[in-house]
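In what follows, a single structure is set out as structure tokens and then discussed.
For reference, positions follow the sequence shown, starting with 1. Only this structure's heavy atoms are used, side chains among them; waters, hydrogens and symmetry mates stay out.
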Amino acid sequence: MTFQGRLVLLISGLVTLAVALVTILLAWTTHSAIQSRVEADGRGAATLLARSATLAREVPRDVEALLGDRLLSEATLAAHLVAVMEAGKAPVKAVTDRLKAVADGGGPDEIWVTDNRGRAYLHNIPGPDITFGPDARAQPRQAPYYGLLNRAPEKVVTDAATEGGKLMKFAGVAGVDKPRIVQVGADVRRLGDIARKAGVDGVMASLLAGGTVEGAWLLERDGRLAVHATGPSAGPLSERAVEAAKAAAAAGETGLLREGDRLTAFAPVPAMAGQGAAGQGAGIAVVRLSAEDLSSVVGRHVKIGVLVGLLVLAAGVYGAVRFARSQMAPIERLGEAVAAVEAGRFNPFTLNEAMERNDEMGRLARVFRSMALEASYREETLDAQLLMRTAELETRTEKLAAAEHLIEEEQRAARDVQANLLPQQLPAGRDSQFFGLLVPGPAVSGDFYDVIELDERHCLLVVAGVSGWGVPAAFLMLLVRGAIREAAARPGMTPAAILAAANDRLCGQSPFDGFATAFVALYDRETGMLSHSSAGNRAPCRIRADGSVLTLADAGGPALGVRKGIPYGEAVARLEQEDTLFLCTEGVLRAVNAQREPFGEERLAAVLHQGRGLSARDRSELLLRAVEAHVGPGGQTGDIVCLTVRRLLPASELAPESEAAV
């Protein structure tokens, strides 16, 4: 027997055996499945009805609780909104208009925000302000929220109550930025509609609409009828069914009762909290389903399945034989052609016979020959393209190396500019110590420091950082340094005036779309007085003799080069004996480690506190080592610039030595 014949015989035998086994298995499982399905449907329908009876009482209460949670969320959002707007110096009218927009856009119906004394100066309801007080009799709605001013508690939700002809529910939270009350309210008249829609009548109607359930009843524990809905063929409940329902209610379990061709299911209705005995229900849900003769249904389906299976088996065997005979020949030719392509000796004429067919095999043969010829052509083309791509890759590699060399040259030039602009020698004397430090990053950003001696007594301290990288940043650094030095050379210029003049010059002369941050301080070496101003730069730290670290007042204005004609503020401080002033750019605070954690203000303050009693140089080098330990090897990404000034002795203590020297 040929392979084709054995294959057809094997497939026919396996299909016959499979059809027989499947038919027997289906005959046994179908009967059990249909019976179990009907019983499960009955239990499920009864349980659903019982659960619905419970939910009809619990849903309104749960919905009101969910509404209270939503109002708390809306109150929290309103508290954050008011805190953000007031932090941005928004006027009261702007905040009130924003609250009205929130309420009109789908938010709470009422929003009330008080100050720290309980006066609701922000609200979306027209009318006078309301003051929240603790008197529950005088203010039944506001009194429960008075404790929020002291965060005792931090949130409050009250039950719905009628107010002004509306059923209102309120919730409130404590302020997030300062002591205040944030109360929101919503009209909850729709709770009644929800209770009606979630009732038992709707569930009964849905069960009957499916066609499987003939009738549904809700009985009291003593068997009295409470609610029912029946179809045209359902009929009343029998005495036997009522007794079975009462027994199920007493046992607290679901049950089934078969009466002829009908199946009745029972499920107890759970009692609400505090009602009924343990394990007993508050009533019983009854559902009746139609149960036809399962055996006749299964037998009819099995007969139809066997007949259809035999017809399919006969047609399949016949079709398999014909198909195998007609399709084996072109498949064999295609198999030979595949082997020839793999061996690299494909002859397209070997598929002529298969290509003459008008069916799928013929199209497959034509497509295969076309693909084989195209594959041969592409293989030759790819070899040529590979040589061309290799040459292009070598050329681009050379260009990339040249570009990297040019970038390195630009970075080197920028570093040279940055290093040459730093002061070569800082002021010296017994009254103060000065030390500056610059560690450029991999890509130079143009940060710098400067100490300009105006006379024997006064000097100007400068720390600045510019935007951008490389040569443009170095050029911008030149402009910033020149603008500050030019303004400082004018007599009587204060730090605020120096920054204002430098800003006007940069806005008019800088060819780059960049900006710079700077801190300028005028230091009196005899008295220790320090007048300072900042242009977008962080305020410096003052380390007192006892090691405590303080931050100077943040006075000044925005960064340089942003907008012309901006005034800058100014503040005054005094350095006592052994006090140290530490100035730096953002590169110190933004230095990150492998976990992307910045060095930050807390680590800076801790390191400065550790340097108690150190010289200006030692304190700066201690900080540098701390930053390097934080970022790790090769982790520095930006410039690190700092300037340290330590006051040693007041002028009054230097005078005797000076007179003796004279």
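- Annotation: ring-ring contact (aromatic ring centres under 6.0 Å, His included) contacts of Tyr523 (sequence neighbours excluded): none.
- Between Lys100 and Asp104 there is no salt bridge, since no side-chain nitrogen of the basic residue lies less than 4.0 Å from a carboxylate oxygen of the acidic one.
- A 4.5 Å side-chain heavy-atom check between Gln577 and Arg647 finds every atom pair outside the cut-off.
- Considering NE2 of His458 and CG of Asp524, their distance stands at 4.0 Å, rounded to 0.5 Å.
- Separating the CD1 atom in Ile181 from the CH2 atom in Trp112 is a distance of 12.5 Å, to the nearest 0.5 Å.
- Checked options Val102, Val113, Ile111; the residue passing with Leu81 is Val102 (criterion: side chain to side chain contact (heavy atoms under 4.5 Å, CB included)).
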Margin query: Show, in sequence, the C-alpha distance, side-chain angles and deciding distance for Arg389 and Glu392, and conclude whether the salt bridge (Lys or Arg N to Asp or Glu O under 4.0 Å) test is met.
Written below: CA-CA 5 Å; Arg389 297 299 185 194; Glu392 292 178 0; 3.1 Å; yes
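- The main-chain N or O of Gly133 is found under 3.5 Å from a side-chain atom of Gln139 such that the two form a donor-acceptor pair.
- Listed for the Thr76 side chain is a donor-acceptor partner under 3.5 Å among the backbone atoms of Leu72.
- Both the sub-6.0 Å distance and the 45° axial angle are satisfied by Arg141 relative to the ring of Phe170.
- A donor-acceptor contact shorter than 3.5 Å is absent between the side chain of Arg603 and the backbone of Leu589.
- Of the charged side-chain nitrogens involved, at least one lies within less than 4.0 Å of a carboxylate oxygen, so that Arg538 and Glu601 count as a salt-bridged pair.
- Residues Arg98 and Thr96 fail the side-chain proximity criterion, which asks for heavy atoms closer than 4.5 Å.
- Side-chain contact, Ser615 with Asp618: a donor N or O sits under 3.5 Å from an acceptor N or O.
- Glu578 has a carboxylate O that lies under 4.0 Å from a charged side-chain N of Arg646, or vice versa, which qualifies the two as a salt bridge.
- Within the 4.5 Å cutoff, no side-chain heavy atoms of Phe448 are placed close to those of Leu438.
- Side-chain contact of Thr158 with Tyr145: a donor-acceptor pair under 3.5 Å is present, judged by distance alone.
- Taking 4.5 Å as the limit, some side-chain heavy atom of Leu437 sits within range of a side-chain heavy atom of Leu624.
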- Message: Could you go through Asp187 and Lys166, starting from their C-alpha distance and side-chain angles, then the distance that decides it, and tell me whether this counts as salt bridge (Lys or Arg N to Asp or Glu O under 4.0 Å)?
- Response: CA-CA 7 Å; Asp187 189 352; Lys166 298 181 181 179; 5.2 Å; no
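- Summarising the geometry, atom CG belonging to Asp97 is positioned 8.5 Å from atom CE belonging to Met85; distances are rounded to the nearest 0.5 Å.
- Considering CD of Gln183 and CD of Gln142, their distance stands at 6.5 Å, rounded to 0.5 Å.
- One distance of note links CZ of Arg525 with SG of Cys459; it measures 6.0 Å at 0.5 Å rounding.
- For the pair Pro558 and Tyr568, the minimum side-chain heavy-atom distance is below 4.5 Å.
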Checking side-chain hydrogen bond (donor to acceptor under 3.5 Å, both in side chains) for the pair Asn537/Ser534: CA distance, chi angles, key distance, verdict? CA-CA 6 Å; Asn537 200 81; Ser534 173; 5.3 Å; no
